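Each remark here refers to the structure printed beneath this line.
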Amino acid sequence: MFDFSALSTHLTPRQPEAIWLEHEQFEQLIHLPTRSLLNEAGQWQLYLNALALLGFEQWLLKRSPTQFIDRSHCLNQAEGIYNLKINQFKLNLIIKEHLLDEVVEIPRAAIAQPDLAAHFYVLLEVSEEQQRVMIRGFLRHDRLLNYCHQLSPSLQNDHYHLPLPAFDPEPNHLLFYCDFLEPSAIPLLFPASEEARIRLGDWIQGVFTEGWQGIQDLFDPDLYLAWSARNPGDNILRQIIHAQNQRAEVIRCKLIDLEMDFQGQRTVLLVSVTEEIDQDLSVLVQLHPTGEERYLLPDIRLTLLSAAGKILQEVYSRTQDNYIQLKSFRGPSGIPFLITVCLGDSCIYENFQL
Amino acid sequence: LGDASRYYNLWRIDPAGDLKGYTSCLIPLAKEFFREYGKDEAVKSDRLPPKNLQSDLYSCFQAPGADLRERFQAGLCLRCYVSEPILKSCQKIDYLFGEDQSFSYRDLLPFVLNDDGKTLLVLDPDGKTQLALDASGTLQPTDYRCFSLQILQTFKPNARSSMSLDNWAYLQTKQNPELRRFLSEFGFQQLSDWALMNRTRPKQLEQLTKRDRHLIEAFHAVYRRDRRQQQQGKKRCQDPTKEQLQEMLTHLQVQQINLQPQALILELRAVALQLREYDLWSHREPLELEDPDTGDRLIRPDLPPDISDQNNLEQQEQQELLAFFRDQLQLALVDSIQQVICDRIRDLKKSRGYAGFVDQFIPGLLLYYRQGMGLKDIADLLNMSGWAQARRVLNPGEVINLVRTLTIRQLLGTMLKKAAEKGLTPLPPEPNYLENLAQQIEEIADAEIFKAAFSEIQTGKNRALKSVYAEKLCHYLETYPKVFQGAV
């Protein structure tokens with residue numbers, strides 16, 4: 001918004017804000033529900049977690065007395081505190097005793113599991129003896145996912161090891177997001193499958209990713225006929241099948257099980273890949289209802305994102321859409337991208353590479 | 001400026017200078033080298049310098065057959081370049097140890113930021129000895145151990161999977177033996193032996209002997225459990241009691257370790273001494289991230305700003321916007337000071353421990369700002385128990401932090417509305433737009449108000465508190481009683 005190239009930047013980082021706990025807070029030490037019986041180290045961690053939560057709430061209360069902090073569904077686990085809410089934003093707190101190693105471990109489940117994932121992952125440092133809590137930073141879910149894609153090979157004991165600089169050191173930004181945004185601005189994406197990036201180039205070679213089927217396999221012939229009769233003439237699917245015979249084009253479909261988050265509707269994600277003369281790949285993505293369903297639910301979003309999480313294309317279903325599709329796009333092999341299917345602030349994503 | 005300037009500006013220690021303790025210094029010989037070889041051209045754009053620039057400089061510096069002057073100059077360019085990660089590494093260590101530690105990054109600088117950029121140096125072909133020109137113009141080994149040159153000595157630019165020079169310098173600085181020795185002595189000074197033991201995790205344990213591991217495990221099983229369950233009056237960790245030691249010994253017997261209580265406490269203290277080693281807590285491996293768009297490996301991945309292409313507003317509009325912003329900044333500052341002081345007084349009244357000090361709050365802050373008195377002296381004057389209590393009641397640093405948060409939030413709201421009116425963003429905005437705008441506002445607000453406010457309270461004696469923030473705060477504090485006398 002401004003151009004302030006004239007203003008000098010300075011190297012010195014601001015000291016992290018320290019929150020000093022008072023005796024009376026120790027006395028009302030909270031007991032949050034825990035999931036499992038733990039050994040001593042786990043118990044110590046739960047105790048630190050409770051201290052951190054007290055400190056964090058104190059910090060928040062001083063800055064945003066109007067914001068509603070909901071810890072009614074809060075879960076205290078050795079890896080962190082889950083399901084804390086500020087207004088409708090979900091937060092996970094990750095608690096450490098020091099950060100001299102500049103590494104933050106986040107369990108995979110805290111990102112990939114719908115009941116645990118949060119909009120923000122807040123990193124807190126507790127110094128028990130000094131009765132001090134510091135907010136070391138926080139990370140948005142979309143950015144975290146982006147790092148995870150890069151880091152997935154370094155997944156150790158089912159934990160991602162993230163470098164501290166990945167976190168935004170300015171805790172005020174967390175307040176600003178909660179003040180000025182709606183939770184849906186930070187979609188919670190979940191991997192539709194555990195597999196790594198799907199290489200569309202392999203499909204051209206006839207090597208298919210598990211879970212992706214041919215059209216015939218997913219739509220049985222009777223159903224397919226009934227279904228295509230709804231869209232006479234300009235049936236896109238039929239056009240594609242027709243074209244498939246003439247060019248090096250491959251179509252694969254996947255059933256996306258939206259039961260948990262999508263009011264029970266199942267949809268089919270259809271991806272068509274064509275190899276162009278210059279060896280670029282061009283891609284067409286559609287979303288269809290399954291089986292007997294005639295229409296998609298309204299307001300389902302089908303989105304194309306860059307690997308860095310930037311939205312490149314997006315379409316919404318209206319009240320009576322038989323299917324929705326993204327404009328066909330193309331590029332040289334190797335380029336990563338994401339396709340997401342979202343309803344409300346829940347999303348399922350597939351991770352591709354041209 | 002851009003990144004090119006990193007190759008001819010050296011960060012140098014400056015103990016006599018301002019608060020920072022370091023300064024940037026132009027090295028003419030390096031700049032000349034840059035210009036002569038047209039290397040400037042390649043990096044004039046905002047993009048990062050091409051990768052081969054660094055390796056070109058490095059090969060020139062290392063080539064025994066090359067012109068000596070060129071080798072000196074290429075070396076100077078690289079020495080300038082690594083001075084930045086060295087400085088940042090010291091600041092990062094300071095940051096990581098957090099507030100309240102017994103040292104600052106300024107104490108670390110002499111160990112590692114010891115290149116004055118004046119001595120012309122090359123490396124011996126053996127790669128180990130630093131050579132300088134003597135009076136007769138021949139290369140001689142030198143006693144001057146320049147740390148930036150040591151970094152270059154060990155750097156392998158062409159090895160596959162090698163890390164960037166930035167990251168190499170950053171890590172080497174943290175591994176510097178003198179710096180580590182200093183940190184082992186002062187880094188954990190605020191923590192008792194027992195608090196250090198408490199925070200030991202598997203990562204630290206695996207670097208200790210098996211016996212030491214058992215000692216710590218037994219300690220955790222007893223001491224941490226009791227610490228957790230002790231509800232009241234939590235303070236500095238006390239020495240383990242006889243009963244606790246006895247219980248630990250029972251745990252240890254299972255591991256075939258048999259000791260007397262007196263010997264146990266000595267051994268525990270010996271373990272704690274090892275735990276003061278900074279290296280045990282730090283990391284040895286770089287955790288770099290690759291920028292998905294450029295493939296560059298970065299310490300701090302700077303995420304692509306999504307509004308950069310919206311920056312080309314007309315000059316005049318730009319000026320108007322800035323003028324508007326500055327007015328709003330002053331307004332927001334005054335509003336926020338008022339809010340924070342009122343909240344603070346309300347909270348003190350409610351506090352069990354400090355309600356008795358509520359009437360000392362405003363006089364205390366005024367003594368601090370108007371008279372330049374330290375917290376210890378204020379505590380004596382206002383009948384508080386000491387420095388720590390005065391800090392908890394007055395907490396000038398936290399007051400600034402709170403005012404800063406509220407000021408920036410108010411500005412953010414105003415500027416978002418303004419941006420929406422101009423059609424620059426929808427409301428609510430995209431997360432990245434919001435973040436970007438917040439960062440821009442913070443940068444200006446910090447430069448104009450808060451940077452000075454923070455640094456003036458960090459100086460030692462003879463403070464003069466004359467920042468814009470101090471003025472506005474005092475003005476409010478001096479009118480506060482009048483405002484509220486009417487109300488009561």
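Just so it is clear, the structure is predicted and the values come from calculations on it, not from any experiment. Scope of the values below: all heavy atoms of this structure, side chains included, with no hydrogens, waters or symmetry mates.
In terms of the side-chain contact (heavy atoms from CB on, under 4.5 Å) criterion, residue partners of B/Thr407 (sequence neighbours excluded) are, by chain and number, B/Leu329, B/Ala332, B/Leu333, B/Ser336, B/Val403, B/Leu411, B/Phe450.
Only the side chain of A/Leu48 comes within contact range of chain B, with heavy atoms under 4.5 Å apart. Both the backbone and the side chain of B/Leu412 come within contact range of chain A, each with at least one heavy atom under 4.5 Å from a heavy atom of that chain. Heavy atoms closer than 4.5 Å to chain A are found in the side chain of B/Glu442, but not in its backbone.
Rounded to the nearest 0.5 Å, atoms CG (B/Leu280) and CG (A/Asp101) are 11.0 Å apart. Once rounded to the nearest 0.5 Å, the distance linking CD of B/Glu217 with CG of A/Asn39 reads 10.5 Å. In this structure, B/Gln204 CD and A/Leu100 CG are separated by 9.0 Å, a value rounded to the nearest 0.5 Å. Taking CG of A/Leu99 as the start and CG of B/Leu96 as the end, the distance is 7.0 Å to the nearest 0.5 Å.
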Requested in this report: Quick one: do B/Asn401 and A/Lys62 satisfy side chain to side chain contact (heavy atoms under 4.5 Å, CB included)? Show the steps, please.
Outcome: CA-CA 11 Å; B/Asn401 268 325; A/Lys62 280 194 177 169; over 6 Å; no

Requested in this report: I would like to know whether A/Arg140 and B/Asn432 meet side chain to side chain contact (heavy atoms under 4.5 Å, CB included); could you show each step before the answer?
Outcome: CA-CA 11 Å; A/Arg140 264 162 44 188; B/Asn432 288 356; 2.6 Å; yes

Requested in this report: With side chain to side chain contact (heavy atoms under 4.5 Å, CB included) as the test, would you mind laying out the steps for B/Arg224 and A/Gln43 before giving the verdict?
Outcome: CA-CA 9 Å; B/Arg224 282 211 305 211; A/Gln43 294 289 349; over 6 Å; no

Query - Verdict with supporting geometry, A/His98 and B/Trp281, ring pair (Phe, Tyr, Trp, His ring centres under 6.0 Å) - result: CA-CA 8 Å; A/His98 75 95; B/Trp281 304 88; 4.8 Å; yes

Requested in this report: I would like to know whether B/Gln229 and A/Tyr47 meet side chain to side chain contact (heavy atoms under 4.5 Å, CB included); could you show each step before the answer?
Outcome: CA-CA 9 Å; B/Gln229 288 164 358; A/Tyr47 161 67; over 6 Å; no

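Heavy-atom neighbours of A/Arg199 CZ from other residues, nucleotides or ligands within 6.0 Å: at or below the threshold of 12. Residue B/Glu430 places its CD atom among 12 or fewer non-hydrogen atoms of other residues, nucleotides or ligands, all under 6.0 Å distant. Within 6.0 Å of atom NZ in B/Lys203, more than 12 heavy atoms from other residues, nucleotides or ligands are found, so the atom counts as buried in its surroundings. Remark: A/Asp158 CG is packed, more than 12 non-hydrogen atoms of other residues, nucleotides or ligands lying under 6.0 Å away.
Contacts with chain A were tallied for B/Pro431, B/Pro428, B/Ala195; B/Pro431 has the most, counting heavy-atom pairs under 4.5 Å. Among B/Leu406, B/Asp343, B/Ile93, B/Asn198, the residue with the largest count of heavy-atom pairs under 4.5 Å with chain A is B/Asn198. For the options B/Ala438, B/Ala221, B/Cys237, heavy-atom pairs under 4.5 Å to chain A are most numerous at B/Cys237.
No salt bridge links A/Glu105 with B/Arg201; every basic N to acidic carboxylate O contact stays at or beyond 4.0 Å. A salt bridge does not link A/Glu40 with B/Arg225: none of the charged nitrogens is closer than 4.0 Å to a carboxylate oxygen. Classification of B/Arg352 and A/Glu22 as a salt-bridged pair fails, no side-chain N sitting under 4.0 Å from a carboxylate O. Under a 4.0 Å N-O distance rule, the pair B/Glu435/A/Arg143 qualifies as a salt bridge. Remark: B/Arg199 does not engage A/Glu125 in a salt bridge, criterion side-chain N to carboxylate O under 4.0 Å. Between A/Glu129 and B/Arg227 there is no salt bridge, since no side-chain nitrogen of the basic residue lies less than 4.0 Å from a carboxylate oxygen of the acidic one. Ion pairing between B/Arg404 and A/Glu17 fails under the 4.0 Å rule for side-chain N and carboxylate O.
Looking at B/Leu191 and A/Gln130, their side chains come closer than 4.5 Å, going by heavy atoms from C-beta outward. Contact of the A/Trp20 side chain with the B/Arg391 side chain is registered, since non-hydrogen atoms from C-beta on lie closer than 4.5 Å. Taking the side chain as every heavy atom from C-beta outward, B/Ile441 and A/Phe176 never approach each other to under 4.5 Å.
Exactly one of B/Leu416, B/Leu427, B/Leu437 qualifies for a side-chain contact (heavy atoms from CB on, under 4.5 Å) with A/Phe180. That residue is B/Leu416.
Panel note: side chain B/Arg409, backbone A/Arg63; a donor-acceptor pair is recorded below 3.5 Å.
When all heavy atoms are compared, the tightest approach of B/Phe97 to A/Arg132 is O-NH2, 4.2 Å. Closest non-hydrogen pair, A/Glu102 versus B/Tyr170, comes out as OE1-OH, 2.8 Å.
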